[in-house]
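What follows is one structure encoded as structure tokens, with my remarks underneath.
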Amino acid sequence: MNEIRRPFRPGYVKLARTGELAARARELDGLLESCEICPRACGVDRRVRLGVCATGDHAVVASWVPHHGEEPVLSGRMGSGTVFLANCNLRCVFCQNFQISQRPKSFIGREISDEDLAAIFLELQDRGCHNINWVSPTHQVPQLVRALVIAAARGLSLPIVYNTNAYDSVRVLRLLDGIVDIYLPDLKYADPAMGATYSRIPDYPHHARTAIAEMYRQTGAAWRLSPGGLLQRGLLIRILVLPNDIAGARESLEWIATSLSPDVAVSLMAQYYPTHLAARPGRYPLLSRPISAGEWDRALEALEHTLSCDRCFIQDFIAAPESYRPDFDNAENPFADESIG
Ligand code: SF4
């Protein structure tokens, strides 16, 4: 007997009908008054003061575009509807989007209304994108959900991708339960000292692992895929391999396998290149080169020994030319054709 499969409807569409989505938006909005939206817990009233993320109570968007460089289950044929949020709650010295994440002065005066943000979501849907991909959303969750209330009322029906550095609070993630369809967190480090040195945050592994465990509680390891093979609901963890074992990829993979499940999907990424402060001569010597073939092989071996890898993504490794030198003024990405945003 053939299984009858109901058409997919993102969770927020149902929550919008019952009024629950608007209630969650109000509750999230209240968190702006004494901000503990991320584990930085600045405690500022973002209607009148700014915390570490330098973002008030309105959305600030750097750009939006159908993106064809995400994992194939997200980009598909028509692209992932990426919305790049400006500013960030981390200060990664090697951030490949530092012009967006760490240049708050360049976004002064570029705050937009909830209606404008909703119109961006709907434009991406009209352009045929397969999902709405919130890139670096942590510090702007209340604004995003307020806009989602408006967009849902106007017919938005694409899955929401929460594309995060994972320095998220569990309280906020619980309010996103049923709103976010696809969690796409980084797992940047296994060693707190690395997070302190390279992202200016002392407790990254603890908070990121706690946040990812909450994402896993919501989605489990299984995926829901469309008949065309696009991800509609699930969890995909990204690990960017860094030189000199700074990311601690093996340790993170072992944590995923033992604390979550060996069936969790991982995207192992080889695209690191020195940029931003990591490209400054002598500033962060351990990050001043792309990864070597040996480092990539060790990460691959760790992946194969820890996870079932039924649904893992493995980037192509491209060896950097021997002449490669980071150039602070014009940091070139030798992996530009392969990069995942
Ligand atoms: S979201 Fe921004 S203001 Fe709020 S705690 Fe995090 S860094 Fe501080």
Side-chain angles (χ1 to χ4, degrees), residues 8-18 20-29 31 37-39 59 61 64 67 70-71 73-75 80-85 89 114 117-118 120-122 124-125 129-153 156-187 207-226 230-238 260 264-265 267 341:
F8 175 76
R9 281 278 171 274
Y12 67 84
V13 172
K14 186 174 170 196
L15 295 182
R17 278 198 212 109
T18 62
E20 175 68 13
L21 185 63
R24 300 264 194 103
R26 283 192 295 275
E27 192 167 345
L28 286 162
D29 212 37
L31 301 181
I37 285 171
C38 85
V61 174
W64 62 97
H67 188 11
E70 303 283 45
E71 288 83 353
V73 288
L74 297 171
S75 287
S80 175
T82 41
V83 181
F84 289 91
L85 285 312
N89 59 337
D114 299 343
L117 184 53
I120 288 172
F121 301 162
L122 290 162
L124 290 165
Q125 177 168 271
C129 293
H130 303 296
N131 45 62
I132 301 297
N133 185 344
W134 295 344
V135 184
S136 295
T138 303
H139 59 300
Q140 299 199 40
V141 167
Q143 296 91 318
L144 288 160
V145 176
R146 290 190 324 238
L148 190 59
V149 173
I150 299 167
L156 187 74
S157 60
L158 295 179
I160 297 293
V161 182
Y162 192 79
N163 184 343
T164 174
N165 59 41
Y167 201 65
D168 288 280
S169 94
V170 169
R171 181 179 181 187
V172 169
L173 290 172
R174 286 196 179 132
L175 288 168
L176 291 175
D177 191 359
I179 295 176
V180 167
D181 302 287
I182 299 162
Y183 282 107
L184 185 63
D186 298 333
L187 189 45
H207 285 293
R209 289 178 179 186
T210 306
I212 291 172
E214 168 60 22
M215 298 173 199
Y216 174 74
R217 184 194 69 76
Q218 293 180 25
T219 64
W223 277 3
R224 175 168 177 135
L225 293 170
S226 72
L230 290 162
L231 184 56
Q232 294 176 318
R233 181 175 162 78
L235 170 66
L236 174 60
I237 302 174
R238 284 176 169 170
L260 305 180
V264 166
S267 181

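Starting from 1, each residue takes its place in the sequence as its number. All values derive from a computational prediction rather than experimental measurement. For the numbers below, each heavy atom of this structure counts, side chains included, while hydrogens, waters and symmetry mates do not.
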Identify the two heavy atoms, one from [X] and one from [Y], that lie closest to each other, and give their separation to 0.1 Å.
| X | Y | result |
| --- | --- | --- |
| Q140 | A59 | OE1-CA, 3.2 Å |
| I120 | W64 | CG2-CG, 3.4 Å |
| P10 | P159 | CG-N, 3.9 Å |
| V135 | T82 | CG2-CG2, 4.0 Å |
| A211 | A166 | CB-O, 3.6 Å |
| A147 | A118 | O-CB, 3.4 Å |

Within-4.5 Å side-chain heavy-atom neighbours: [X] and [Y]:
| X | Y | result |
| --- | --- | --- |
| E71 | L231 | no |
| Q125 | S157 | yes |
| W134 | L148 | yes |
| I150 | F121 | no |
| D114 | V149 | no |
| V61 | L85 | yes |
| M215 | D168 | yes |
| P185 | L235 | yes |

Can a salt bridge be assigned to the pair R238 and E70 using a cut-off of 4.0 Å between side-chain N and carboxylate O?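 Salt bridge: yes.
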
Can you tell me how far the [atom1] atom of [X] sits from the [atom2] atom of [Y], to the nearest 0.5 Å?
| X | Y | atom1 | atom2 | answer |
| --- | --- | --- | --- | --- |
| L74 | C129 | CG | SG | 12.0 Å |
| T138 | L144 | OG1 | CG | 10.0 Å |
| L15 | R24 | CG | CZ | 5.5 Å |
| R209 | L187 | CZ | CG | 6.5 Å |
| I132 | N163 | CD1 | CG | 13.0 Å |
| L28 | R171 | CG | CZ | 9.0 Å |

What is the ring orientation for Y162 with Y183, classed by angle as parallel under 30°, tilted 30 to 60°, or perpendicular over 60°?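 Perpendicular, since the angle between the ring planes exceeds 60°.
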
Go through the steps to decide whether S80 and N133 satisfy the test side chain to side chain donor-acceptor pair (under 3.5 Å), and finish with yes or no. CA-CA 6 Å; S80 175; N133 185 344; 3.1 Å; yes

Review item, side-chain donor-acceptor pairs of residues 174-182, under 3.5 Å, at least two apart:
unit_1: D177; atom_1: OD2; unit_2: R217; atom_2: NH2; d: 3.2
unit_1: D181; atom_1: OD1; unit_2: G11; atom_2: N; d: 3.2
unit_1: D181; atom_1: OD2; unit_2: I160; atom_2: N; d: 2.8

